[in-house]
Amino acid sequence: MAYALELKDIHKTFNKGTINEKVALNGLELKLNEGDFVTIIGGNGAGKSTMLNAIAGVWSIDAGSIIIGGKDVTSLPEHKRAKFLGRVFQDPMTGTAATMSIDENMAIAARRGKSRTLKWGVTKAEKEQYKNQLKKLDLGLEERLTTKVGLLSGGQRQAVTLLMASLEKPDLLLLDEHTAALDPKTAAKVLALSDKIIEENNLTALMVTHNMKDAIAHGNRLIMMHEGRIIYDVAGEDKKKLKVSDLLAKFEEVSGGEFANDRMMLS
Amino acid sequence: MVLLAYSLSPLSLLRAMPGACAQGLIWGIMALGVYITFRILDFADLTVDGSLATGGAVAVMLIRSGVNPAVALLVAFAAGMAAGFITGMLHTALGIPGILSSILTQISLYSINLNIMGKSNQAINVDQYRLVVSLRYISGDAVTKFKFYGGVVLGCIILIAILYCYFGTEQGSAIRATGCNKSMAKAQGINTNFHTVLALMISNGLVGLCGGLYAQYQGSADVNMGRGAIVIGLAAVIIGEVIFGKLCAGKHFTFAYNMISVVLGAVIYYIVISFVLWLKMPSDDMKLFSAIVVAIFLSIPYLKGKYGKKGAAK
């Protein structure tokens, strides 16, 4: 059986040949099985978000290949890869169109990977369907179907974006620190919702986080990145037994101490 | 002074109103095009200064060669779309910044328009051709007048209805998403380049159509007829928003109301212009005046945001 995701020897350097040259991905290798929910941790500049952006095709990679569900997507532009991917971003503003209503945003997401025709953008049947799905979020949004998304709070927007990502079942869900910009209470809510959506739809997911506790508590597999590659990969029972102190020790081991920066210590 | 007061006859202002309204309605179509790029697509498109004259040039040359004036308008629309396509390709396929792409197209259209017309100005006589609109119809008999205004108003309403429906479709929604948030659009599989070009084509198509109508209205096409058109378009969009914005917000069909206020914005603009001309302001200064009006209206939202909070807090 093909892997849900295969990253083969991926390299990416930003600002090549300039004083700001930065090797972001350096021989990155990763294989995901169907249904894997992988949390990703690592210091600033380790390449976590860069990896997700490489998968999503935000820019082209320098070398290597990206295979989603057995299909090589390395040369596909971002909008064509969207067919396979659900994405939620760190900034709640990024995942939705602020000037469009909730139902319009959802309808756009429901047509991910399909060509945009001259049929109505949102049908009556869809509105009913969206209402029911919004009800499950338990945020009262089902009564605000035609509200502009720009009027929602960050947490509400992330919840809607999560729902949008799962409307058309993606082969892979990319969560890029999607709770980092939220207050702790809302972040916990959105995380719980992520768990629920991933489980209900049996999705394969990658979740970047700065919070080590979250990384341990969620998903069935955890990977740690450093200098553009994966340096630690733990799954199943071993992951369940992990403690934050184990991860900190691991950080120090690979980086000689400087790795565990303040932001990670605090979280 | 006495002479000046005497010459400011209210009657002459009144006489100027029908023409101002007609011009406003016709330019309102161009303003709709500007609204699509400036507000929906979030793209400052200066192509319009060129594509307006292109629409006029194409329509006049076709009418002179015996084509039905209504058909000529369709071709003017298509010519405008072609201009929008060039701007779109310069921007998306060649990576030139949007505003610069549109300036390049605008400049090149100057030569193209001269080539279309063979000289800088071409006239059409309303007595010779059955023009769709004409200055002459305003001073015609009641039936002619009614037909003229009815036709122009109905035309604007039909255009707004079509645009309203179009921007409600999957494709129209994709254009709106592209203009609002490119990251979101791409993540949802929308080809933002394609939809940017498409929106520019529709916008400039409307501008070309306006050019064709305006050339018929004034009885000639001129290579300079589009100079400053973008300012008039922006003025209409902004005047419409400032005056009617609050009325439109949060209702059903908001988008249709917005488009109606854009057209009304153009009408108000022309009424203000004829009022200022009636005050004996030299017509040479009109462009300066227009620019100042637009600058004031564009800065209102910013200044409100910056200084308005104090007022709101009291």
Side-chain angles (χ1 to χ4, degrees), chain A residues 52-53 56-59 76-101 103-123 126 146-151 157 160-161 164-165 167-168 170 174 176, chain B residues 35-43 92-93 95 161-199 201-202 237 241 245 248-259 301 305:
Chain A
L52 296 204
N53 285 338
V58 176
W59 20 253
L76 287 186
E78 188 177 359
H79 70 268
K80 283 195 176 150
R81 284 190 214 183
K83 187 158 93 182
F84 310 103
L85 303 171
R87 289 163 73 190
V88 186
F89 307 87
Q90 177 172 2
D91 182 353
M93 305 299 156
T94 313
T96 45
T99 57
M100 300 176 77
S101 59
D103 59 346
E104 284 173 332
N105 271 278
M106 292 178 76
I108 280 177
R111 288 159 181 75
R112 187 158 41 77
K114 298 189 184 107
S115 63
R116 313 284 161 160
T117 66
L118 292 178
K119 284 188 210 133
W120 283 117
V122 198
T123 63
E126 277 180 310
T146 53
T147 301
K148 299 259 181 293
V149 172
L151 298 173
R157 282 180 86 157
V160 170
T161 311
M164 283 163 61
L167 277 180
E168 173 76 20
L174 303 177
D176 189 358
Chain B
Y35 178 74
I36 290 171
T37 46
F38 187 63
R39 280 294 184 234
I40 299 179
L41 192 62
D42 193 20
F43 186 114
T92 58
I162 292 173
L163 288 173
Y164 180 80
C165 292
Y166 177 74
F167 282 102
T169 65
E170 294 175 353
Q171 202 174 71
S173 302
I175 290 177
R176 283 154 63 208
T178 300
C180 175
N181 182 347
K182 277 208 168 61
S183 303
M184 177 269 190
K186 283 186 202 164
Q188 301 303 344
I190 292 170
N191 185 342
T192 50
N193 283 346
F194 171 78
H195 288 92
T196 300
V197 175
L198 195 60
M201 287 174 73
I202 295 168
V237 170
E241 281 173 357
C248 305
K251 287 201 186 118
H252 273 292
F253 308 112
T254 306
F255 182 57
Y257 284 124
N258 285 343
M259 287 191 288

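Letters go in sequence order (proteins before strands), and every chain restarts at 1. Predicted model, so just to flag it, every value in this text is computed and none were measured. Side chains are part of it too, since the values below use all heavy atoms of this structure and drop only hydrogens, waters and symmetry mates.
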Residue B:Tyr166 versus chain A: region with a heavy atom under 4.5 Å:
side chain
Is there a side-chain contact between B:Glu170 and A:Lys114 (heavy atoms, below 4.5 Å)?
no
Would you sort out whether B:Ser173 and A:Arg116 count as a side-chain contact (heavy atoms from CB on, under 4.5 Å), showing the intermediate values?
CA-CA 9 Å; B:Ser173 302; A:Arg116 313 284 161 160; over 6 Å; no
Is chain B contacted by the side chain of A:Thr96, its backbone, both, or neither, given a heavy-atom distance below 4.5 Å?
backbone
Under 3.5 Å: donor-acceptor pair, side chain of B:Asn181, backbone of A:Met93:
yes
side-chain contact (heavy atoms from CB on, under 4.5 Å) partner of B:Gln188, chosen from A:Arg112, A:His79, A:Arg111:
A:Arg112
If you count heavy atoms of other groups shown closer than 6.0 angstrom to NZ of A:Lys83, is the number above 12?
no
Select one option (side chain, backbone, both, neither) describing which atoms of A:Glu104 are under 4.5 Å from chain B's heavy atoms.
side chain
Ranked by heavy-atom pairs below 4.5 Å to chain B, first place among A:Ala82, A:Gly113, A:Ala56 goes to A:Ala82
Please report the closest heavy-atom contact between B:Ala187 and A:Phe89, naming both atoms and the distance.
CB-CZ, 3.9 Å
How long is the gap from CE on B:Met184 to OG1 on A:Thr161, to the nearest 0.5 Å?
8.0 Å
